[in-house]
Amino acid sequence: MKDNTVVRVCMGPAGIAAGGKAVLEAFRETLADRNIDAEVKEHCSSHQVGCLGLCARDVLVEIGRNGSKTSYQYVKPDMVGRIVAEHIVGGTPVKEWLVDETFDTFYRKQVKIVLADCGRVDPEDIDSYIAAGGYEPTREVLMTWIPDDVIEEIRMSGIRGRGGAGFPTGLKWELARRSKGDVKYVICNADEGDPGAFMDRAVIEGNPHSVIEGMLIGAFAIGANKGYVYIRAEYPLAVERLKLAIKQAYERRFLGRAIFNTQFSFDIEIRLGAGAFVCGEETALIASIEGERGMPRSKPPFPVNRGLWQRPTVINNVETLANVPYIIRKGWAWYASYGTEKSKGTKVFALTGKIRNQGLIEVPMGITLGEIIHEIGGGIEGNRALKAVQTGGPSGGCIPAGMLDLNVDYESLAKAGSIVGSGGMIVLDEDNCMVNMAKYFIQFTQAESCGKCVPCRVGTKRLLEILTRITEGQGKEGDIERLERLSRGVKTASLCGLGQTAPNPVLSNLRYFREEFETHIRDKKCPAKVCKKLLRYSILEEYCKGCGACMKACPADAISGDKKKPHRINPDRCIRCGACFEACKFKSVARD
Amino acid sequence: MGKMVNLKIDGKDVRVDEGLNLIEAAAAAGVHVPNLCYMKGMKGVGACRLCLVEVEGGKAPVIACNTKVKDGMVVATKTDRVQEVRKFVLDLILSMHPLDCMTCTKAGVCTLQQYAYDFDIKESSFTRKKFGYPTDQANPFIKRDPEYCVLCSRCVRVCKAQGTNVLEFSGRGVGAKVVTAQDRPLQESGCTFCGSCVDACPVNALLEADRSRKGREWEYEKVDSVCLSCGSACGITVSSKDGEVVKISSAASEGAAEKYICAIGRFGFDSLNSEARLRTPMKRVNGELRDTSWEDALATVAEKLKAADGEAGFVSTANILNEDALALKKLAADVVKTKNYDSSVTLYADYDSLKGGSADLDKADLFVLAGTAPDQWARVLPALDAVIRKRVSEGGAKLLVINSGDPKIASAASAVLKGEEIAMIEQLAQAVISKGVKAPKEMVSALAHVDPSDAAMAAADLFVAAKSPVVLAAPSLYKAAANLSLIKEEAVSVPFEANARGVVLMGLVSEGKKFKEMLSSRSKALYVIGEVPVDKRPDTDFLVVQNSHMTDLATQADVVLPSTAALESDGTIVDYLGRVKEVRCTIGAASGTKSHADIFAEVAGAMGSAVKKGKEADVKKALKAKTKAAFSPFKREKDLDVDGERFIEAINKSTINGSRLLWLKESEKGVLA
């Protein structure tokens, strides 16, 4: 018992949701128990760490010893006693609770750069980050580099904006550096809002200091002394950890005046977003920080020239900034060795939907969609057929199952009619209706449109109306063409990125799943059996035993029939809730 | 003038100022780029998307309102692509807009209607929807009907730019709406009812409350004139139909900072037909005022003035026209032969302060307010307040406020020097000099003892940095403040009345008793012209009141002569910036009334002399007398401090009490109580 043992409990969003806090406390309590050998106590510590990745198996616990690590899955507080007794004290892991081979396939093709320390360091302890080499890049840059070197390093690394638009970060910094102005700003955009996306949240919750470091280095590069983190208020834990991290960084004088005793000073303030998706758009975000209503402004002028309070401003996404210290640490060539010719490095994705291994993944750009779905993701849940993969959230589109060879990088995804986006990746199977999917995203953008420009304000509403009527069996001949015309118009004419990309889910679904739209419109049928109003429930008389279970389950009194005789559904009363379908044990309720 | 650039728009070569946007450049080439949200003089916001144009070499269409001209640019404003987008956008707007042009008051001047016509859109190709919002018509000034709103944000921006900040958006997407704070009715939201939003609205969402079924704009006769309600002397466009004024709006050109008029200027015209309007001369018989004929009234006045034998006094408002002032001076000095003739100018200004100075408010990059405190809410020179705030918020100008109190406009200032104004002006001047700026020798020595504060030093930086500072001074401080203009650029004195400068230049400068003295001392005859801030009959044997409305003073007069009101006679005035403005008769004299100048001529006639009505040449001659700027000691003119709010309210009493402004006054009192 000479080597130190480190217990790491996943306290990412999913880890906490699965009960990570109680597990961590159980470890602390058990290890503090007087029956535990003093030597064990001395050499064993337990920590909370950020997202470990495989959220589907949370709570994940990692026990590190002798430079190797052992991981447990689905850990509950009542399992902790045995793990401590057998594994930590006894030296033999509890085999049946260990992660299986899925764990290896989940991690094998991943490359962790921005998430390298996420899951390693304690996000609430700056020393833990420093011990992992943190703030060393900042020290080196501030003391020995000139700003142009930093910009060159970032430019050569090839990293592009991870918020979705993919603008080269080095070029953005260079433009801001060259832009004239006595006061400049760095803003970290942490207003992550795409449905199903939690990359930035995981980075901030798992390793907030990497974001602060990225801002410091960026500020040094462009000549800014003030930074803002614009973070949505719906991320209370991220806000709390970031606040703590900033406080600790001030205490260590990594923030404030004369950092590392150089001439450079830098302050960071947090600004909370109030729940408007559009405030993730950079000009709306600026307006919001300025205290105005969060509405986008037309570009040019671009923020690098006239941004926050009309001063040159760099706005980078969380993931982009969090990459910076690692690029500085290991050099641009190392970073650029990952990825494709035009899309360098790695990208974090939030893998969700009908996939076995839901979780947070970081993969090299250019990996194929198939590798992500089948290897990292472990395939589709319940052995159903993959239908499509939605990327880029409300600004993106769907890639059909037939295109799994597609490389995941900016160019290839764009060519396929979608985008990399901020990193949401939603896997859809045969039970997902593509018309309904398009409707869902338009509903989202329509509700989140700020209302400033006509095409987005009214156009998305009209799109939604048409999609709604198609899903309700009121689709008309010509609706597909109407959707296309509207989508084109909204894309061309809208003021900001929200409107310009809002029709993408409609267009991409029409591109790959046009037939499904046609079936909805012409046959009034939903092949995925999702669109409630298109479903017809009936009782197959030859199978019905007359047990009455369906009748009891029906909330609308639409089912009638005598005992032990076949029942009937009155279609005029049926509200298509599906309760009878679920209730019947003899599969005698038909749904089509 | 800045640099010029050459570009081609729709095949036409055009040469325009660098810095212009493509909408303006296209206009210069005679090409109209459709738009609903653009406002000249303000930043383009790109909300309506109608002004998209294509620039050669560019990938996507750009919005013309926010794209600056570049040399060699080739622009196409009517390509198939952008025309399709425009049609699409209009189609979308019309899907949320009532199609009731046949009964809509805005028909004919509605921009949306015009474009629907241009693009041949009879109705929207999309399902039409209604917002279902209620109309705000709880006030007699402005009707807000959000059902018509196209969310162009012009009203919001214009209200913000001038600092009233009443309107803002709420809600998102298709639920976005222009609202007041908490969506309260306008009168509960701090609205001053200036109506700038009404002028800005391209559709029927904002309209004067009383316009319904009072004719469409094409039926109106429109005449540009000047509002005489206060010292701002704003340009107004008066619309009339069948001899009745139906609408007044700002006459300033689009994009000018002076595109503003206040509630008095816009809505006070109701008083032209108010109950208090005088239409027949009156004469006191047996202690009672009774109607009489002009002949009798004039004869009585003539007789009494003669009898006064040089001891008569004339006191006039400074709202009379130059021509009236010239005639009055002749009547008083040449016919009645008295030295006592004055205007209400001397209540707040010395004559000299109104003889010189000029300024260009649109060019100014620094406003120095010395003692003067314009205030839109108190309706003290409201237009000046709005102009300065607009220039600060939209034009990048700076504001420096020098005041011993806490004027509201200080909220828009980059620097405030609070303290006794003369001391502050001295400190500022000394601070500027201490930064190495040249000043006349006398000034340098006069300031030798002054030790500027840190605040003054900071304020001086603004003055030093400014290219075109304009000093706007309260008349009593003008001479001291104008010393700053000896260092750089211009200074003007800001009086409370529209033609204060004019009446002084026309020679209504007393050689005997001044206004106050005439009212406080005994006289044989006193002739009061216009609405002056006097309610009680002075100690005089014979009182003539010549005014358009019955006033408290008029009820105590011996003879009352009914004059035309503003908008009812032609002439000129000289505004506080030294500009000669033409006041044009819009609806003709009300029956039974005569212009001031005509009455003076007729009084002279009744006295056996001839006084010709002042002509243009006479006015011009009088205007030539200009004083040259020279150093004056840093001193305040004494006994000239009046409460601007009360003064302006007093000289507009008949207008306010005889119009819907009374509602505003009472509702404001209610709010305050």
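Labels below follow one simple rule: chain letters A, B, ... track the order of the sequence lines, proteins then strands, and each chain is numbered from 1.
With rounding to the nearest 0.5 Å, the separation of CZ in Arg49(B) from SG in Cys453(A) is 5.5 Å. For the atom pair CZ of Arg485(A) and CG of Leu483(A), the computed distance is 12.0 Å after rounding to the nearest 0.5 Å. Residue Cys159(B) holds its SG atom at 4.5 Å from CG of Leu167(B), rounded to the nearest 0.5 Å. Once rounded to the nearest 0.5 Å, the distance linking CD1 of Ile470(A) with NE2 of His520(A) reads 8.5 Å. Taken from NZ in Lys184(A) to CG in Asn225(A), the straight-line distance is 10.5 Å, to the nearest 0.5 Å. Note that the CE atom of Met96(B) and the CD1 atom of Ile93(B) stand 11.5 Å from one another [nearest 0.5 Å].
The residues Lys439(A) and Glu472(A) are annotated as not salt-bridged, no charged nitrogen and carboxylate oxygen being separated by less than 4.0 angstrom. A salt bridge links Lys435(B) to Asp461(B): at least one charged side-chain nitrogen sits closer than 4.0 Å to a carboxylate oxygen. Between Arg232(A) and Asp200(A), no side-chain nitrogen of the basic residue sits less than 4.0 Å from a carboxylate oxygen of the acidic one, so the salt-bridge criterion is not met. Using a 4.0 Å cut-off between charged nitrogen and carboxylate oxygen, Lys78(B) and Glu84(B) do not count as a salt-bridge pair. With respect to the salt-bridge test (charged N to carboxylate O, under 4.0 angstrom), the residues Asp479(A) and Lys476(A) do not qualify. Look at Glu168(B) and Lys160(B) and you find a salt bridge, because one of the NZ, NE, NH1 or NH2 atoms lies within 4.0 Å of a carboxylate O, short of that distance.
For Ile63(B), the part lying under 4.5 angstrom from a heavy atom of chain A is the side chain only. Contact of Leu486(A) with chain B is made through backbone and side chain together, with heavy-atom distances under 4.5 Å. In this structure, the portion of Leu52(B) lying under 4.5 Å from any heavy atom of chain A is its side chain and not its backbone. The contact between Glu465(A) and chain B is made entirely by side chain atoms (from C-beta outward), counting heavy-atom distances below 4.5 Å. Heavy-atom distances place no part of Lys87(B) under 4.5 Å from chain A, backbone and side chain included. Heavy atoms of Val150(B) lying under 4.5 Å from chain A belong exclusively to its backbone. With a 4.5 angstrom heavy-atom cutoff, Val85(B) touches chain A only via side-chain atoms. For a residue to count as touching a neighbouring chain, one of its non-hydrogen atoms must lie under 4.5 Å from one of that chain's; by this rule Ala447(A) touches chain B with the backbone only. With a 4.5 Å cut-off on non-hydrogen atoms, Val278(A) does not touch chain B at all. Ser95(B) touches chain A through backbone and side chain together, each having a heavy atom under 4.5 Å away.
Of the listed residues Gly171(B), Ala60(B), Cys152(B), the one with more heavy-atom pairs under 4.5 angstrom with chain A than any other is Gly171(B). If you tally non-hydrogen atom pairs under 4.5 Å between each of Lys461(A), Lys452(A), Arg462(A) and chain B, the highest count goes to Arg462(A). The candidate from Thr460(A), Val458(A), Leu495(A) with the greatest count of non-hydrogen atom pairs under 4.5 Å with chain B is Leu495(A).
Within 6.0 Å of the NZ atom in Lys398(B), the count of heavy atoms belonging to other residues, nucleotides or ligands does not exceed 12.
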Practice task
Please lay out, stage by stage, how Tyr230(A) and Ile286(A) fare under the test side-chain contact (heavy atoms from CB on, under 4.5 Å).
Solution key: CA-CA 9 Å; Tyr230(A) 189 88; Ile286(A) 286 174; over 6 Å; no
Practice task
Might you work through the side-chain contact (heavy atoms from CB on, under 4.5 Å) test for Phe169(B) and Lys177(B), ending with a clear yes or no?
Solution key: CA-CA 5 Å; Phe169(B) 284 107; Lys177(B) 187 188 174 196; over 6 Å; no
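Nearest heavy-atom pair, Pro312(A) versus Ala176(A), reported as atom, atom and distance to 0.1 Å: CB-O, 4.4 Å.
Contacts from residues 288-304 of chain A to chain B, taken as heavy-atom pairs separated by less than 4.5 Å, involve Glu292(A), Arg293(A), Met295(A), Ser298(A), Pro300(A), Pro301(A) in sequence order. Among the residues in residues 122-130 of chain B, those with a non-hydrogen atom closer than 4.5 angstrom to a non-hydrogen atom of chain A are Ser125(B), Phe126(B), Thr127(B), Lys129(B).
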